[in-house]
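Scroll down for the structure; my scribbles are underneath it.
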Amino acid sequence: MSRPTRRLVIAVRADPVICGHSGEARNLAEVALTRGFDDVRLLTWPIPALQAAGLPLKPLDRLLPYSPGITVERPEAVGDYRVPDGRHLAGLTGRLVELLSEDVPTVCLSMYLVPHTQVINDAVTAVRAAGFSPEVHTIAKAVGSDVTNVIKSCLREGRFGAAMVLFTTFLASDEVVAVSEYTRDEIIASAVEVDEHCGTSFAVQCRERVTVSYPPIDASAFLGLTADAVDGALARRGLERDKYVLFLSRVARAKGIYDLVIAYGQMRCRDDVKLVVAGTGPALEHVRAMAKEDDRIIFLDDVDDDEKPLLMAGCAAYALPTKPEPDFVETFGIALAEKALAGGGPIITTTTGGVLEAVGDAAVIVEAGDIHALADAVDRVVLDMSPADRRDLEVRAREHAMQFDRGAVFDGLLNVKPD
C-alpha cells in the first residue's frame, strides 16, 4: 500500500454524537478528498465513552457511511482507573503522535478547544521533542460552547488560571478560527476580561489573528428534494405536508423547547397543525411529560440524516426559539441554515447569539423568551401569511444559506482551490 502524500486529521466529537460539529467534521472530510488530500482521519472517542458521558447519540445502526479514504479512529484509553480522564486523552494524543511521526505533510484541525486543541498541541510538541520534524499545520476552531460554556464559566467563577490556559492553548495553533462573527466577538470580549485581571495580552492577539469560518453544510443533501420523497417520508410518520410545525434540534432548554410547547397551547393554529418535536437531548423526558395530555404534540427521537431534510421541507413552519442560558448560547445555528436550504415553511427564531448570521433577513424573528410573541408569530405564518410571502422567504433563505456549502467553506478555511 502506497504512503499518503497529504493528510488531514480532524479531532472532534464525531458521529454518533448529535452535534452540529460532528456534521462539520464529516463535511470537511468529504470535501478534503476532492482537494488533494488522500488520507483523511477523524480522531474521536470510543463509543462506550460517548455513551457513558450521556451525550445524545444517533441510532448506531443508521449512521451514514464515509467515503473511501476517510478513516474514523477511536483510540482506546491508556492506563487504568487511577487516571480518570487522562486515559482517553492519552489514547487520542498517542495515536496522533504515531501519525505525525510518519513522513506525510499533515493538516490538523481541532473542533472544541477542550480537549481537542490540547490533544493536537501536545502531540506536535511530543513529536518534535522526540527528534522528528513533522510537516504539520495546525488549525484550532473555537465553536460556540468553547466560549459560552468553558471560557465564560471560568470568568463567572473567577478561575482566571484556567482561562489563561484556554487562551494559550488556542493561540498556540498556527491558525485560530471562530465559528461565527458573534463567537469571535465573544472570544475578544473574554480575552479583554482576562487581560484586565491578569495583565496578559490575549485580546490584542485575538483581534489580530482570529478569523471566521462558518459551519460547512452539504447543501446537496437539502436541495432538489422531490415531492414524492417528501410526501413518502411524511406518510411513514403519519404526517401531511404543511400540517405541522417542526422543532428539529437538540431537545434542551436553551433551544427554547419549553417556550415552544407552552406557546403551542396558546396558538390559534393548533387545530390546523400539529407540533412535531424531532430530536433527543437532556430535556426530552421532561418535555414528554409536559405534553403527555396533548395528542397534537408528536415526538420523533429516531430521525436520521436522510429523513431530516424531508421533514424540514414538508413543514408549515420551522420553529427554533433558542434563548441564552448560562451554559449555552446559540453561536450560529446549523439547523437553521440546513432548514433554509431544504425549503418548506418559514423559519421562526430569535436574535440570540449568532442566529442572524445563519438566517440573514429571511426569517420571522421574535424576542427570545417571549412566549406570547412566539405563539403570535406561528399563528401569523400558518394562518395569515400569503403564499407569495412564504415563497419569498423560502427563496431568500436558500440564497443566504448557499454561502455555507461545504465546498466553499472548506476552500476558505484551508486556502485551497478545487481540483
Side-chain angles (χ1 to χ4, degrees), residues 20-21 23-24 141-149 152 177-190 210-217 219 222 245-250 252-257 259-260 263 312 315 317-326 328-371 373-378 380-381 385 389-406 408-409 412-413:
H21 309 296
E24 284 193 68
K141 186 170 186 179
V143 300
S145 57
D146 283 324
V147 181
T148 60
N149 183 11
K152 291 290 190 181
V177 180
V179 74
S180 64
E181 291 287 354
Y182 171 82
T183 304
R184 181 180 185 275
D185 290 344
E186 287 295 294
I187 290 170
I188 293 170
S190 297
V210 179
T211 59
V212 173
S213 178
Y214 287 118
I217 299 171
F222 296 87
V245 173
L246 178 65
F247 172 97
L248 194 159
S249 184
R250 186 166 56 91
R253 180 179 298 277
K255 298 291 185 175
I257 184 59
D259 292 350
L260 181 58
M312 289 176 164
C315 68
Y318 175 84
L320 186 69
T322 181
K323 56 197 295 185
E325 294 284 343
F328 180 83
V329 177
E330 195 77 66
T331 50
F332 179 72
I334 294 173
L336 293 164
E338 292 175 336
K339 169 63 182 67
L341 291 167
I347 295 167
I348 300 167
T349 187
T350 71
T351 58
T352 299
V355 162
L356 293 185
E357 296 178 63
V359 301
D361 64 352
V364 176
I365 303 299
V366 299
E367 186 72 25
D370 190 334
I371 293 172
L374 177 59
D376 289 344
V378 176
R380 186 169 69 252
V381 164
M385 187 173 285
D389 287 342
R390 291 169 64 90
R391 177 61 179 165
D392 176 65
L393 280 176
E394 181 180 357
V395 170
R396 287 194 287 119
R398 184 177 288 115
E399 289 175 348
H400 177 81
M402 282 302 300
Q403 66 182 297
F404 310 125
D405 180 57
R406 64 188 188 181
V409 172
L413 178 62

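- Within the 4.5 Å cutoff, the side chain of Val177 has no heavy atoms near those of the Val212 side chain.
- Lys255 contributes no side-chain N or O that, together with a main-chain N or O of Leu248, makes up a donor-acceptor pair within less than 3.5 Å.
- In this structure the side chain of Ile347 reaches within 4.5 angstrom of the side chain of Leu336, judged on heavy atoms.
- Considering only heavy atoms from C-beta on, Leu393 comes within 4.5 Å of Val364 through its side chain.
- Arg184 is not listed as a side-chain neighbour of Val179, based on a closest heavy-atom distance of 4.5 Å or more.
- The side-chain heavy atoms of Thr322 and Val355, taken from C-beta on, include a pair separated by under 4.5 Å.
- Ion pairing between Lys323 and Glu330 fails under the 4.0 Å rule for side-chain N and carboxylate O.
- Distance OG/Ser213 to CZ/Phe404: 11.0 Å, rounded to 0.5 Å.
- The local environment of CD in Gln403 is crowded, with over 12 non-hydrogen atoms from other residues, nucleotides or ligands closer than 6.0 Å.
- The minimum heavy-atom distance between Gly369 and Asp259, with the atom names listed, is CA-OD2, 3.4 Å.
- When all heavy atoms of Val329 and Gly353 are compared, the pair lying nearest together is CG1-CA, 3.9 Å.
- Between Phe332 and Tyr214, the ring-plane angle classifies as tilted under the 30° and 60° cut-offs.
- Residues Thr350 and Ala368 come closest through the heavy atom pair CG2-CA, 3.8 Å.
- The shortest side-chain heavy-atom distance between Pro346 and Glu394 does not fall under the 4.5 Å cut-off.
- Separating the CG atom in Leu260 from the OG atom in Ser249 is a distance of 11.0 Å, to the nearest 0.5 Å.
- A donor-acceptor contact shorter than 3.5 Å links the side chain of Arg398 to the backbone of Leu341.
- With a 4.5 Å cut-off on side-chain heavy atoms, Phe247 and Leu320 count as touching.
- Using a 4.0 Å cut-off between charged side-chain N and carboxylate O, Glu24 and Arg406 make no salt bridge.
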Start with the C-alpha gap between Val143 and Thr183, add the side-chain angles, then the distance that decides, and say whether side chain to side chain contact (heavy atoms under 4.5 Å, CB included) holds.
-> CA-CA 7 Å; Val143 300; Thr183 304; over 6 Å; no
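- Applying the salt bridge (charged side-chain N to carboxylate O under 4.0 Å, His left out) test to pairs two or more places apart or on separate chains, those with a residue in residues 336-361 are Lys308-Glu338, Asp361-Arg396.
- Between atom CD of residue Glu181 and atom CG of residue Leu356 there is a gap of 13.0 Å, rounded to the nearest 0.5 Å.
- Across Val381 and Ala317, no two heavy atoms sit closer than the pair CG1-CB, 3.9 Å.
- Between Ala337 and Ala401, the shortest heavy-atom distance links the atoms O-CB, 3.7 Å.
- The OG1 atom of Thr352 sits 9.5 Å away from atom CZ of Phe328, with the distance rounded to the nearest 0.5 Å.
- Side-chain contact between Ile257 and Arg253 is absent, with no heavy atoms from C-beta onward closer than 4.5 Å.
- Residues meeting the side chain to side chain donor-acceptor pair (under 3.5 Å) test with Thr349, sequence neighbours left out: none.
- Ala375 and Ala263 get closest at one heavy-atom pair: CB-O, 3.7 Å.
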